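Below you'll find the structure, written out as structure tokens, and then a few comments.
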Amino acid sequence: MSVHNEEIAAAFDEMADLLAIQGGNPFRIRAYQQAAQVVRGLPHELSGMTGPDEYQELPGIGADLAGKIAELVRTGELRALAQLRRQVPAGLRELLALPGLGPVRVRALRSGLRIRNGADLKRALAAGRLARLRGFGPALEARLRVALAGAGERAAKRPLRTVAAQFAEPLRAYLKSVPGVSEVEIAGSYRRGRDTVGDLDVLVGARTAAATLKALRAYSDLRTLTAAGTTKATGVLRNGMQVDIRVVAPQSFGAALHYFTGSRDHNIHMRRRAQELGCKLSEYGLFRGGKRVAGASEVQLLEALGLRWIAPELREDRGEIEAAEAGALPELIERADLEGDLHVHTDASDGRDTLAAMVEAARQHGLRYVAITDHAQHLGIVHGLDAARLARQADAIDALNEQLDDIVVLKGAEVDILEDGRLALPDAVLARLDVAVIAIHGHFDKSEAEQTARVLRALERPYVSILAHPSGRLLGERAPCALDFERIIAAARARGCCLEVNGQPNRLDLDDLHVKAARDAGVLLSLASDSHSAEQFAYLDCAVLQARRGWARRQDVLNTRPLAELRTLLGAARR
DNA sequence: GCCGTTTTCGGCCCGACTGTTTTCAGTCG
């Protein structure tokens with residue numbers, strides 16, 4: 001396997017951009033964009049499928065695109081794209097990313113001023129040449145100057161959802177207190193539970209919009225207001241996040257909430273569905289012949305479209321609409337389903353709090369069991385436990401369990417996968433643990449073949465229960481390791497080993513697509529906080545959200561099981 | 001370029017806002 005879905009999706013996105021710059025058929029362009037999204041959302045690699053016939057079964061992939069996928073899988077290249085690249089200067093594509101520049105204006109820049117890239121545009125702006133072009137005025141010029149000046153530092157990271165929450169929740173509370181406001185929801189990717197959130201889509205239910213928009217202007221965390229109309233406004237918060245606020249009347253609130261929750265592809269699919277039913281769907285409601293037939297609530301809206309309730313976490317147009325129609329949506333796991341947490345650190349390794357404090361925190365978070373999984377000693381792991389300290393911790397756990405009657409402490413360790421795939425503790429030591437969690441903590445940049453072989457070798461060891469944060473990614477900091485997840489999942493399945501959904505907000509690893517793939521393959525998931533201090537058990541919520549995005553049900557998760565069943569399952573994994 | 005219990009041709013999601021216009025195109029979400 002060489003070509004990944006992401007590369008195929010990127011090729012289609014580039015095709016779409018280049019065709020747009022050339023002034024191609026907008027619907028053809030849209031077809032490429034949609035295909036890119038479909039490919040991105042697949043839970044398995046296209047290169048592992050049999051070929052064009054199977055590709056064509058995917059929505060939005062017809063004979064032509066199936067052929068192009070086949071070409072990419074076979075050769076890693078796409079001739080049609082290479083040809084377009086020869087026709088369109090590479091620098092023009094960057095211009096599309098500038099605010100206010102779409103394909104039409106980029107084309108005008110090219111044909112009218114011979115502009116080929118950002119540097120050309122800068123020069124043209126400096127010389128005041130843009131004014132000659134139709135469609136370019138002083139306001140747009142000013143916007144472009146600002147954007148080009150900040151282009152160097154523009155790589156602003158998408159904030160983690162937990163960071164976005166620190167700004168979203170106070171804003172929600174503030175708007176809720178505005179007179180006349182009946183409802184406030186943070187919609188968009190925030191509501192869908194994505195790991196990172198680009199901007200805040202805030203929906204306000206109120207009979208009139210004026211009071212809300214006035215209140216927004218006065219909000220202390222607002223840095224600037226960049227646009228404001230009669231029903232919506234856009235601003236930038238002090239942390240640099242963009243916030244889009246929209247005010248709708250109560251009878252439209254459900255339709256608007258659905259619309260602003262998205263995703264974009266989910267919305268488009270739903271609007272097509274409405275059309276097929278002879279209706280029109282907008283943020284104001286579902287209309288049949290100009291008459292509103294639904295709109296006040298999402299439930300009512302979905303019902304009118306012949307669909308069961310679709311949880312926001314599923315709205316990515318990855319088959320949830322078809323499943324809702326068939327009544328085949330999964331009943332998603334909830335936080336209350338969790339009985340325990342199988343990945344927790346104490347001050348014995350790199351955690352902040354004592355064993356007793358962590359167990360007490362687990363108890364207060366409603367858990368019935370908790371596995372203490374401090375790092376095993378290994379080069380590069382600070383304060384890791386060796387066999388002797390692990391044995392002493394085991395004694396302390398035994399003593400603690402004597403005193404506790406409503407929670408059970410399990411003995412575990414987080415064992416490093418060494419560079420060659422061996423483990424940092426010998427089998428004899430692992431054999432005495434209740435839970436052995438293994439993970440990669442270094443050598444992240446190996447080739448896919450090497451990295452996969454390394455993890456597969458570790459998974460072959462006996463007494464291994466859970467592969468923790470499998471991809472090793474750190475959001476915004478470190479890309480996921482190159483791993484053949486289909487083989488990892490197959491190995492985990494064959495062996496009865498679980499894959500972790502790590503709830504640390506900057507990990508959320510497995511990601512949603514791999515959760516789905518693991519779940520579909522029948523691999524049990526371990527939803528873990530990976531707590532390094534008492535308050536971090538709250539990160540179980542993040543793990544649950546991520547698991548829900550991957551369609552996980554209660555029965556797909558190891559630590560929803562009562563202790564006795566958990567022990568049986570862990571025992572089975574030791575073979 | 002895709003797609004079809006309306007269609008194999010003729011459609012393709014919908015609306016707000018801005019800026020550049022002098023009635024609306026382009027961009028954005």
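This one's a predicted model, so the numbers in the text were calculated from it and none came from an experiment. Just so it is clear: chains get the letters A, B, ... in the order the sequence lines come, proteins before strands, and each one is counted from 1.
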Open item on the list: Using salt bridge (Lys or Arg N to Asp or Glu O under 4.0 Å), reason through A:R85 and A:E14 one step at a time and then give a plain yes or no.
Closed with: CA-CA 9 Å; A:R85 281 177 178 157; A:E14 192 178 347; 2.8 Å; yes
Hey, is the side chain of [X] poking within less than 4.0 Å of OP1 or OP2 on [N], counting only N and O atoms?
X	N	result
A:R271	B:dC13	no
A:Q34	B:dC12	no
A:T230	B:dC17	yes
A:K232	B:dG15	no

Report which part of the nucleic acid [X] touches: base, sugar-phosphate, or nothing (heavy-atom distance under 4.0 Å, all strands).
X	answer
A:R272	sugar-phosphate
A:A35	nothing
A:N25	base
A:A63	sugar-phosphate
A:R30	nothing
A:P103	sugar-phosphate
A:Y259	base
A:T231	sugar-phosphate
A:I29	nothing

TODO: Take atom CZ of A:R134 and atom P of B:dT21, then tell me their distance rounded to the nearest Å.
DONE: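 Going from A:R134 (CZ) to B:dT21 (P), I get 6 Å.
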Task: Whether A:R93 side chain and A:D17 backbone form a donor-acceptor pair below 3.5 Å - done: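 Not at all, since once roles are kept as given, no pair shorter than 3.5 Å links the two residues.
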TODO: Provide the distance between the two P atoms, one in B:dC28 and one in B:dT23, to the nearest whole Å.
DONE: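 Those two atoms are separated by 25 Å.
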Task: B:dT22 versus B:dC17 - spacing of their P atoms, nearest Å - done: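 Here B:dT22 and B:dC17 have their P atoms 23 Å from each other.
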TODO: Identify which nucleotide among B:dT20, B:dT27, B:dG29 has an atom closest to any side-chain atom of A:P138, counting heavy atoms from C-beta outward.
DONE: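 Of all the options, the side chain of A:P138 is nearest to B:dT20.
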- [ ] Taking the six-membered ring of A:F260 (Phe, Tyr or Trp), confirm whether the NZ or CZ of A:R246 is under 6.0 Å from its centre and within 45° of its axis.
- [x]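 Verdict for A:F260: no cation-pi partner in A:R246.
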